[in-house]
Amino acid sequence: MYLREVQLENFKSFGKKVRIPFLPGFTAITGPNGSGKSNISDAILFVLGPKSPKMIRAGRLTDLIYKGKKDVNYCKVSLVLEDENEEIVLTRKVKRAPLPDNPDNYYSYFYINNKAASLSDFVHILSSSNISANSIVQQGDVTAIVEMGDVPRRRILDDIA
Amino acid sequence: MYLREVQLENFKSFGKKVRIPFLPGFTAITGPNGSGKSNISDAILFVLGPKSPKMIRAGRLTDLIYKGKKDVNYCKVSLVLEDENEEIVLTRKVKRAPLPDNPDNYYSYFYINNKAASLSDFVHILSSSNISANSIVQQGDVTAIVEMGDVPRRRILDDIA
Amino acid sequence: KKDAFYTVYEAVKENFELIYTELLGGGEAELVLENKENPFEGGLIIKARPKGKRIMRLNALSGGEKSMASLAFIFAIQAYDPSPFYILDEVDMFLDGKNAEKVADMIKERSRNTQFIAISLRRVTLNKADHIYGVTMQEGISTIVGNVNLSQVEEIVEVK
Amino acid sequence: KKDAFYTVYEAVKENFELIYTELLGGGEAELVLENKENPFEGGLIIKARPKGKRIMRLNALSGGEKSMASLAFIFAIQAYDPSPFYILDEVDMFLDGKNAEKVADMIKERSRNTQFIAISLRRVTLNKADHIYGVTMQEGISTIVGNVNLSQVEEIVEVK
Ligand SMILES: Nc1ncnc2c1ncn2[C@@H]1O[C@H](COP(=O)(O)OP(=O)(O)OP(=O)(O)O)[C@@H](O)[C@H]1O
Ligand SMILES: Nc1ncnc2c1ncn2[C@@H]1O[C@H](COP(=O)(O)OP(=O)(O)OP(=O)(O)O)[C@@H](O)[C@H]1O
Ligand SMILES: [Mg+2]
Ligand SMILES: [Mg+2]
């Protein structure tokens with residue numbers, strides 16, 4: 001299995017619909033500071049780690065929605081996974097649903113091969129192909145392992161066990 | 001005024017007596033990982049910041065003594081400051097003085113122009129020429145300013161006031 | 001629960017000690033439990049001995065030496081619980097040229113049967129990749145600049 | 001006590017906003033007190049707007065953008081309370097080529113009347129220095145390799 005394509009729509013600084021095709025092997029992504037490189041890794045984490053504490057740097061999920069245009073009220077990311085000629089498309093979408101007492105309210109939608117699914121279906125597919133937030137090393141994680149204490153470091157192994 | 005020379009003796013990985021002459025202007029120090037670059041900055045901090053919380057990464061002051069040879073029981077750093085043809089030499093030395101109940105016990109010595117001085121004489125000279133641990137940005141400080149909370153960041157200004 | 005932990009710990013420990021020596025081309029490292037009988041009451045200590053030096057705890061190493069030990073730890077966990085692909089975001093930041101090359105070599109070798117996507121500004125890392133993608137931003141919108149070669153990238157960013 | 005704090009705050013704030021724009025060649029930044037009446041009850045917030053983008057708090061910026069804002073803050077403090085010399089240890093770590101060059105240029109300019117000693121692995125930074133010193137280690141002992149030129153340094157470390 002490998003990650004064949006990432007599709008971003010209004011996700012952070014990706015204000016246009018963008019499709020990024022990937023190939024097996026070793027792909028490098030480069031570009032100036034602030035151009036949007038880490039936002040690609042955040043987009044993959046957005047789909048792979050719906051319950052993960054490593055979740056997106058933004059804090060509130062609605063901060064993931066592209067802010068450059070006024071009337072944009074949703075963001076969407078699809079991952080296309082290919083496994084021996086079979087294709088699985090995992091999509092996550094967040095849509096603003098402001099309430100009088102909570103302007104940051106939102107709805108979260110999950111899709112498997114473009115059919116609405118529940119969070120638990122989603123998590124099931126991910127764990128059966130052993131894909132998780134552990135597949136992503138975010139910017140700064142390398143130094144975090146050094147700076148964390150011995151006990152939090154042991155907890156990394158607890159989570160795996 | 002400028003820093004004209006740093007003399008290291010048994011300080012961390014500097015197991016031999018080493019004199020590093022500096023010139024005014026912009027000097028860069030480079031070298032492979034683990035070669036001893038940050039140890040030079042630690043040596044300057046050792047003299048400039050006797051009471052500073054930024055103090056040396058080692059934890060215990062006796063960890064600053066070169067560990068490669070068995071019988072070495074002290075480390076010493078001198079800074080030569082030049083100010084309009086006048087020279088001031090500031091020296092700090094730490095010597096092991098193990099006690100039955102505390103093997104890491106040590107004595108700290110301060111010298112101004114090679115004459116024994118007290119810590120307060122030392123601090124007085126430093127503050128009158130406005131040299132302090134604030135003159136040093138340690139490896140990782142740049143990220144620390146970002147990661148610290150808003151209140152610790154305000155405290156940086158409190159300290160200066 | 002304790003048994004499950006021990007299985008993971010023993011496997012990751014073995015991986016870590018092998019991968020550290022392979023990654024650095026020498027030296028040795030070890031994972032140590034603070035409290036072997038009751039692991040949940042203590043922490044996990046990483047010790048490393050870069051080539052030609054004494055063994056030390058992680059916090060006595062230099063910035064670059066710490067990064068290499070952390071990377072070996074990350075690779076050791078990934079080897080125990082392999083995933084079909086990995087995303088690495090600027091893991092080569094603190095490394096000098098030789099160490100960055102060692103890390104890029106390890107990624108390249110493992111990319112034969114696992115997909116690796118590495119975000120990097122380092123020339124030495126981009127040199128080893130099968131494909132390089134550029135990202136740029138205009139008026140606050142990010143776009144991808146497809147398959148670029150190293151000389152094109154020099155324009156986007158003076159590759160480290 | 002409050003008055004002394006305000007004097008420092010106002011001066012550093014003014015320095016910071018000027019230096020940020022000078023360092024990045026555009027954009028703007030601001031220092032904001034959480035609680036203006038009682039500064040000791042709140043924190044100090046850094047906001048920055050890189051060129052062509054919206055203003056945001058420090059934690060929404062990218063790794064490199066955060067570093068540049070932090071550096072501007074460090075330089076702003078140093079400008080308020082100037083010292084005869086500064087030691088900077090790998091402050092250019094997260095920066096792409098253009099930003100590393102901007103930082104090296106600022107150091108170079110300020111080094112006319114203040115001594116700067118910068119530890120760096122970046123080619124772009126070493127290029128701007130008046131003198132370059134190499135450090136190497138043999139059998140666990142560090143030594144200084146006096147005044148080297150850039151081509152000699154390429155051997156010690158593939159300069160980033
Ligand atoms: N919701 C959003 N809408 C628009 N722009 C956003 C949004 N969230 C983040 N951004 C922008 O994305 C930029 C950060 O991108 P990112 O962190 O991916 O940079 P990077 O390429 O990884 O840079 P570096 O090399 O410095 O790490 C920030 O400048 C921020 O302005
Ligand atoms: N007391 C000591 N005796 C001997 N060696 C020591 C002592 N304290 C630290 N060291 C050694 O100094 C080395 C670290 O040096 P330093 O942190 O200066 O490296 P550096 O050149 O800054 O590297 P990097 O580029 O990775 O930051 C460590 O490998 C450690 O083994
Ligand atoms: Mg980034
Ligand atoms: Mg260092």
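In the text below, chain A, chain B and the rest are named by the order of the sequence lines, each starting its count at 1. It should be emphasised that the depicted structure is a prediction, and the values quoted were computed from it without experimental measurement.
With C:Thr114 contributing its side chain and C:Ser111 its backbone, the two residues share no donor-acceptor pair below 3.5 Å. The main-chain N or O of C:Leu95 is found under 3.5 Å from a side-chain atom of C:Arg122 such that the two form a donor-acceptor pair. Although no hydrogens or angles enter the test, the distance criterion places a donor-acceptor pair under 3.5 Å between the side chain of C:Tyr9 and the main chain of C:Leu31. Although no hydrogens or angles enter the test, the distance criterion places no donor-acceptor pair under 3.5 Å between the side chain of A:Asn102 and the main chain of A:Leu99.
Put simply, of C:Ile144, C:Val91, C:Asp130, C:Val8, the one with the most heavy-atom pairs under 4.5 Å next to chain A is C:Asp130. Note: C:Pro39 leads C:Ala69, C:Ala104, C:Pro39 in heavy-atom pairs under 4.5 Å with chain A. Each of A:Ile40, A:Ile156, A:Asp158 has some count of heavy-atom pairs under 4.5 Å with chain C, and the biggest count is that of A:Asp158. Per-residue heavy-atom pair counts under 4.5 Å with chain A were compared for C:Asn147, C:Ile46, C:Asn113, and the maximum is reached by C:Ile46. By number of non-hydrogen pairs under 4.5 angstrom with chain A, the leading residue of C:Lys108, C:Gln115, C:Arg112 is C:Gln115. Among A:Met1, A:Lys16, A:Arg19, the residue with the largest count of heavy-atom pairs under 4.5 Å with chain C is A:Met1. Chain A forms more heavy-atom pairs under 4.5 Å with one residue of C:Ile74, C:Leu71, C:Leu33 than with any other, namely C:Ile74.
Residue A:Phe22 touches chain C through both its backbone and its side chain, counting heavy-atom pairs closer than 4.5 Å. When heavy atoms are compared at a cutoff of 4.5 Å, C:Thr125 approaches chain A by way of both its backbone and its side chain. Heavy atoms of A:Ile20 lying under 4.5 Å from chain C belong exclusively to its side chain. Contacts of A:Leu23 with chain C are made by both backbone and side-chain atoms, with heavy-atom separations under 4.5 Å. For C:Ile77, the part lying near chain A is the side chain, with the backbone staying farther off; criterion is any non-hydrogen pair under 4.5 Å. Interface remark: C:Gln138 contributes no atoms to any contact with chain A (heavy atom separation under 4.5 Å). Interface residue C:Phe73: only side-chain heavy atoms are found under 4.5 Å from chain A. Of the two parts of A:Leu126, neither the backbone nor the side chain holds a non-hydrogen atom closer than 4.5 Å to a non-hydrogen atom of chain C. Contact annotation for C:Lys128: both backbone and side-chain heavy atoms come within less than 4.5 Å of a heavy atom of chain A. For A:Pro21, the parts sitting under 4.5 Å from any heavy atom of chain C are the backbone and the side chain alike.
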> Step by step, would you call C:Arg57 with A:Asp150 a salt bridge (Lys or Arg N to Asp or Glu O under 4.0 Å)?
Replying inline: CA-CA 11 Å; C:Arg57 285 180 67 137; A:Asp150 297 333; 2.8 Å; yes

>> As a quick check of understanding, evaluate side chain to side chain donor-acceptor pair (under 3.5 Å) for A:Tyr74 and A:Glu9, giving each step before the final call.
In response: CA-CA 8 Å; A:Tyr74 76 96; A:Glu9 216 173 310; 2.5 Å; yes

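Figure legend: cation-pi geometry between C:Lys1 and C:Phe40, with NZ or CZ positioned under 6.0 Å from the six-membered ring centre and within 45° of its axis. For the pair A:Arg92 and A:Phe122, the cation-pi test (distance below 6.0 Å, angle within 45°) is failed.
Between C:Leu61 and C:Ala48 the shortest heavy-atom distance is CD1-CB, 4.0 Å. When all heavy atoms are compared, the tightest approach of A:Ala28 to C:Leu126 is CB-CD2, 3.5 Å.
Just one of C:Lys51, C:Lys53, C:Lys47 meets the salt bridge (charged side-chain N to carboxylate O under 4.0 Å, His left out) condition when paired with C:Glu65; it is C:Lys53.
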